[in-house]
Amino acid sequence: MGRVFSGVQPTGNIHLGNYLGAIKQFVDLQDENDCIYCIVDLHAITVEQDPKELREHILDVAALYLAVGIDPKKSIVFVQSKVPQHAELGWLLTCYSYTGELSRMTQFKDKGKGRESVPTGLFMYPTLMAADILLYDTEIVPVGIDQKQHIEITRDLCNRINNKYGEVFVEPDGRFLKEGAKIMALDDPTKKMSKSAANELSKIGLLDDDAKIKKAIMKATTDSEGIVKYDMDNKPGISNLINIYTAFSDLSVEEIEKKYDGVGYGQFKKDLVEVLINGLKPIREKFHEIRNSDELISVLDDGAKRAEAIATEVLKRAYNKIGLGY
Ligand code: ATP
Ligand code: LTN
């Protein structure tokens, strides 16, 4: 039994990449581990947000967590800004981080690109993420592969502080899936599927209707060979679709290749549309059932209380070792 922590930003519609890279693992881990799942709203404001939309998105992600099968009886589910220790430990870790290492973060470079001035919060994003993780003595962090660099800096900060003051924090490890670790954009399989992409057909949201799912898959970029074969380097479009297919069915990559041997992309895509529609329908239905329920709010209130109880102890330990307070 290990402590698991992860978070998702409430910045838009949760898509297949978020689900297959991260959230699906959350569900799988909760039977054997002590899991804490967060909606990281303080991270969302590192880029501009509309207050009304942000509030809606926070509850959307919370409802989606429950809709995909996170069970609040097994796992703690809460909203980051409701537990003030995240911001407190975030500051502390900022003081032990270096501007050099933070400026090497690719997410910071990507999100800051082309802006006239870059918000300081975007720069300090990784120290707040490290605080999220270290605050719960986390051992395992299930995330998509794009977060690898942030997990590394969390481990560096942890070891830097432990080496200076003795055992303050537990050293966490990332957990990345093989197939879902990086789901690519449907219109351009050289880029990752992203909430912030402008082209709606580049992604499929977990709440998208059947017509949108069909359109996005049928228009998805492949190649002119017509051979259903997994080869991420030379056939990234079809390989990405195979990844999605295998995640939503009980067929392995090899079984999919065999099934569509000599059949071509048209039938493959039609079947994938059906597999996806059937896979996403129960999630959508459950989501609408709980999104506006009182149950959702009481799950979040209870989650924040349970999270804060753990966070308070760990933060106290850190303050004591470092010599803060009196
Ligand atoms: P944005 O476009 O706003 O940066 P995002 O789509 O990257 O958002 P996050 O909230 O930052 O979404 O990510 C939530 C989780 O989903 C993280 O664990 C992240 O690694 C994972 N994730 C995001 N995109 C993908 C993807 N294309 N494939 C696999 N995992 C992904
Ligand atoms: N940076 C992550 C979101 C995130 C996170 C975390 C993930 C914030 N804090 C703690 C795991 C653990 C992202 O999805 N971009």
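Counting starts at 1 for both ligands and their atoms, in listed order. Remember, predicted model here, so these are calculated numbers, not experimental data.
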What atoms of ligand 1 come closer than 4.0 angstrom to any heavy atom of Ser196? 1 (P), 2 (O), 3 (O)

Heavy-atom side-chain proximity of Ile310 to Ile76 below 4.5 angstrom: yes

Numbering as shown, the atoms of ligand 1 that approach Gln147 to under 4.0 Å (heavy-atom distance): 20 (O)

Out of Asp146, Val40, Val47, Val143, who is nearest to atom 19 (C) of ligand 1 when you count heavy atoms only? Asp146

pair Ile14-Val61: side-chain heavy atoms closer than 4.5 Å: yes

For Asp210, run the side chain to side chain donor-acceptor pair (under 3.5 Å) check against Lys215, Lys281, Arg284 and tell me which one passes. Arg284

So Leu102 and Thr127, do their side chains get closer than 4.5 Å, heavy atoms only? yes

Could a heavy atom of His43 be found less than 4.0 Å from some atom of ligand 1? no

Atom indices of ligand 1 within 4.0 angstrom of Thr11 heavy atoms, with elements: 3 (O)

Phe268: which residues meet the ring-ring contact (aromatic ring centres under 6.0 Å, His included) condition with it, sequence neighbours left out? Tyr245, Tyr260

Distance under 4.0 Å to a non-hydrogen atom of His15: what atoms of ligand 1 satisfy this? 6 (O), 24 (N)

My understanding is that we take every heavy atom of each candidate and find the minimum distance to atom 14 (C) of ligand 1. Doing that for Asn18, Leu20, Ile151, which one comes out nearest? Asn18

Treat each ILVMFWY residue as a node, draw an edge where side-chain heavy atoms are under 4.5 Å apart, and state whether Tyr37 and Val8 are in one component. yes

Non-neighbouring partners of Lys52 that pass salt bridge (Lys or Arg N to Asp or Glu O under 4.0 Å), sequence neighbours left out: none

Would you say that Tyr96 contacts Leu93 through its side chain, given a criterion of any heavy-atom pair below 4.5 Å between the two side chains? no

With heavy atoms of Lys192 as the reference, note each atom of ligand 1 found under 4.0 Å away. 5 (P), 7 (O), 23 (C), 24 (N), 27 (N)

Looking only at non-hydrogen atoms, find the nearest pair between Lys195 and Thr11 and report the distance. NZ-OG1, 3.0 Å

Checking the N or O distance criterion of under 3.5 Å, is ligand 1 in contact with Ile183? yes

Among Gly174, Gly144, Ala197, the residue with a heavy atom nearest to atom 21 (C) of ligand 1 is Gly144

Taking every non-hydrogen atom, the tightest pair across Asp41 and Ser81: OD2-OG, 2.5 Å

Would Tyr125 and Phe108 count as a close aromatic pair, with their ring centres under 6.0 Å? no

Between Gln107 and ligand 1, which residue portion shows a heavy-atom distance shorter than 4.0 Å: side chain, backbone, both, or neither? neither

Does the N or O separation between Met193 and ligand 1 drop below 3.5 Å for any pair? yes

Write down, by chain and number, every protein residue that brings a non-hydrogen atom to less than 4.0 Å from an atom of ligand 2. Phe5, Ser6, Gly7, Gln9, Val40, His43, Gln107, Tyr125, Met129, Asp132, Ile133, Val141, Val143, Gln147

Heavy-atom proximity to atom 31 (C) of ligand 1, best of Gly7, Gly17, Gly21, Ala22: Gly17

Could you list the residues that satisfy side chain to side chain contact (heavy atoms under 4.5 Å, CB included) with Glu289, not counting sequence neighbours? Lys286

Can you find a pair of side-chain heavy atoms, one from Lys269 and one from Leu241, that are under 4.5 Å apart? yes

Nearest non-hydrogen atom to atom 4 (O) of ligand 1 belongs to which of Lys195, Lys111, Gln9? Lys111

